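Inspection log for the structure reproduced underneath, given as structure tokens.
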Amino acid sequence: MQQSVFQPFMRSQSIFKRDREVLRPSYIPDELPHRGEQINHLASILVTAMNGQRPSNVLIFGKTGTGKTATIKYIGNEIRHAQGTYSRVDYIYMNCEIVDTQYGVLQNIGNQFIDDFNERIPFTGWSTERVYNILREKIDRTDRVIVIVLDEIDKFVYKSGDDALYHLTRINDDLANAKVSVIGISNDLKFTEFLDPRVRSALGEEKMVFPPYNAEQLKDILNQRAILAFEKEILDEGVVPLCAALAAQEHGDARRALDLLRVAAEIAERSQEVRVTESHVNKAKNKIELDCVTEAMRTLPTQSKLILLGIFVNETQGNAKLTTGDVYDTYKDLCKITGMAVLTQRRITDLISELDMLGLIHARVKSFGRAGRTKEIEASVPVDDGMRVLEEDPMLNQLKNYKPKMQMTLM
DNA sequence: TGTCCACTGGAAGGGAGGGCTT
DNA sequence: AAGCCCTCCCTTCCAGTGGACA
């Protein structure tokens, strides 16, 4: 019988003990190291709900990987476990990066309540007002305390404003039986400046800040997971401290630390090695960074890819610092060759800003005096790697040998 | 000090696409 | 089928701007 393609990669002894999911940031362990204080504080606020009263709304701030989401999900689990005794609380978690419109947020919350009336709110088609009214009725019929957690609430507010939050924070005025409290989680301390003052004060009845983990704390977190994930003697002594140190440099990001450890172990496993070493961690660091960039590029819309490609080809020709005008000229040229519709310069400036935010290019506004004020743009990823990824797109493949027209580069 | 350049970026609105209601 | 609504992508319009230059 022919040998399976998986055969060479199957080993009797895996580096991982069992489910490697325990190394994913989404895994919620039985105990959250160094977040006891935050858990207790939240519990002290939410205990009100257990007694059938409305707890204060809470705003939680903290950088990525500081355990905000883990803590909030941990609390959610605790509430569910306690339901035997107190079955009066519903806990709804929602990530506003995924659902990021006014309508979407209200619709999503509404559809969490499947009751006897069993009416589902469609994902489009209704007026927001109507969605809100149905949501309110559904909530009121439950006669319970509803805790709504809105993760990444800042992204939602920046994108869609605060109308839905206004509704949610005022909803208790319209409810006869149920009670609603909202917990917002944000990476950004300043997003409340964009809120209507009424929403700001309603939402911020309680505020919490999650500090970044230091290297020692990250080590504890990693060690706790490593015990669950690996057989004994699999990790070299320096592996956990190195992952912790690298992640601590990045504002104490536990997510990054866990990713480093998991990817390092996967690299070791793939190369059929029995131990994970520091060199695997370093390889993991490079791999994660590269994966991030390639993924961002692959998922770009074609128009943005054209702009990016235009920047890359200019750089390969030695035109390192480009203006918006330069980029637009090359872009128009590329559109002509590929037969794509040419968008306006106004639209292109927005797409350039998006590429900047994704970290694929670096664009800063600069004035050249009489020569005008514009953006100075350069690639911030290795051009060769970038070109290779973009050329995977069949639409752009024909541009492989494209050379930009000579441009007057402003210096 | 005023002018002027090449944009920047906000505001408003069009229209396509998805879907609901009547 | 007609009339709505919402979101997304895009255009049009235009006031505003930093700094070199006269």
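These values consider heavy atoms only, across backbone and side chains, with no hydrogens, waters or symmetry-generated copies. Letters A, B, ... mirror the listed sequences (proteins, then strands); counts begin at 1. None of the values given here were measured: they were computed from a predicted structure.
- The distance from atom CG of L300(A) to atom P of dC9(C) is 13 Å, rounded to the nearest whole Å.
- Non-hydrogen atoms lying under 4.0 Å from DNA chain C are contributed by V342(A), L343(A), T344(A), all within residues 334-344 of chain A.
- For K159(A), the salt bridge (charged side-chain N to carboxylate O under 4.0 Å, His left out) partners at least two apart in sequence or on another chain are D100(A).
- For T128(A), counting side-chain heavy atoms from C-beta on, the closest listed nucleotide (dT3(B), dC6(C), dC7(B)) is dC6(C).
- K73(A) forms a cation-pi arrangement with Y93(A), by the criterion of a distance under 6.0 Å to the ring centre and an angle within 45° of the ring axis.
- In this structure, D329(A) atom CG and dA6(B) atom P are separated by 12 Å, rounded to whole Å.
- Note on K366(A): every side-chain N or O is 4.0 Å or more away from OP1 and OP2 of dG19(C).
- Distance check: E250(A) CD to T64(A) OG1 gives 9.0 Å after rounding to the nearest 0.5 Å.
- D253(A) and R255(A) are not joined by a salt bridge, as no carboxylate oxygen comes within less than 4.0 angstrom of a charged side-chain nitrogen.
- When distances run from any side-chain atom of Q303(A) to the nucleotides dC6(C), dC10(C), dG18(C), the shortest one goes to dC10(C).
- Atoms CG (D350(A)) and P (dT12(C)) sit 14 Å apart, rounded to a whole Å.
- Rounded to an integer number of Å, the gap from K321(A) NZ to dA6(B) C1' is 19 Å.
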Given side chain to side chain contact (heavy atoms under 4.5 Å, CB included), test T323(A) with I377(A) step by step and report yes or no.
CA-CA 6 Å; T323(A) 65; I377(A) 300 157; over 6 Å; no
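- Remark: C1' of dC14(C) and CZ of R373(A) are 15 Å apart, rounded to the nearest angstrom.
- Cation-pi check for R144(A) over F113(A) is not met; the charged atom does not lie both under 6.0 angstrom from the ring centroid and within 45 degrees of its normal.
- With sequence neighbours left out, the ring pair (Phe, Tyr, Trp, His ring centres under 6.0 Å) criterion links Y158(A) to F194(A).
- Atom CD of residue E266(A) and atom CG of residue L261(A) lie 10.0 Å apart, to the nearest 0.5 angstrom.
- E376(A) has its CD atom 14 Å from the C1' atom of dG19(C), to the nearest Å.
- For F230(A) and F16(A), the distance between ring centers is under 6.0 angstrom.
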Heavy-atom contacts, protein to nucleotides 11-22 of chain B, under 4.0 Å, summarised as B (base), S (sugar-phosphate only) or - (none) per nt, yield -------BBSS-
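- Residue T374(A) has no polar side-chain atom (N or O) positioned under 4.0 Å from OP1 or OP2 of dC5(B).
- Each of dT3(B), dT11(C), dG19(C) was ranked by its minimum atom distance to the side chain of R347(A); first place goes to dT11(C).
- In this structure, D356(A) places its CG atom 14 Å from C1' of dG9(B), rounding to the nearest Å.
- Y132(A) meets the ring pair (Phe, Tyr, Trp, His ring centres under 6.0 Å) test with H167(A); sequence neighbours excluded.
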Output, in order, the C-alpha distance, side-chain angles, deciding distance and verdict of side chain to side chain contact (heavy atoms under 4.5 Å, CB included) for M208(A) and V58(A).
CA-CA 8 Å; M208(A) 293 176 70; V58(A) 189; 4.3 Å; yes
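- Summarising the geometry, the separation between CD1 on I352(A) and C1' on dA6(B) is reported as 13 Å, rounded to the nearest angstrom.
- The structure places CG of D174(A) at 10.5 Å from CD1 of I139(A), a figure rounded to the nearest 0.5 Å.
- Positionally, the nearest nucleotide of DNA chain B for G369(A) lies more toward the 5' end than for the other of I377(A) and G369(A).
- Contacts between residues 101-108 of chain A and DNA chain B, counted as heavy-atom distances below 4.0 Å, involve no residue at all.
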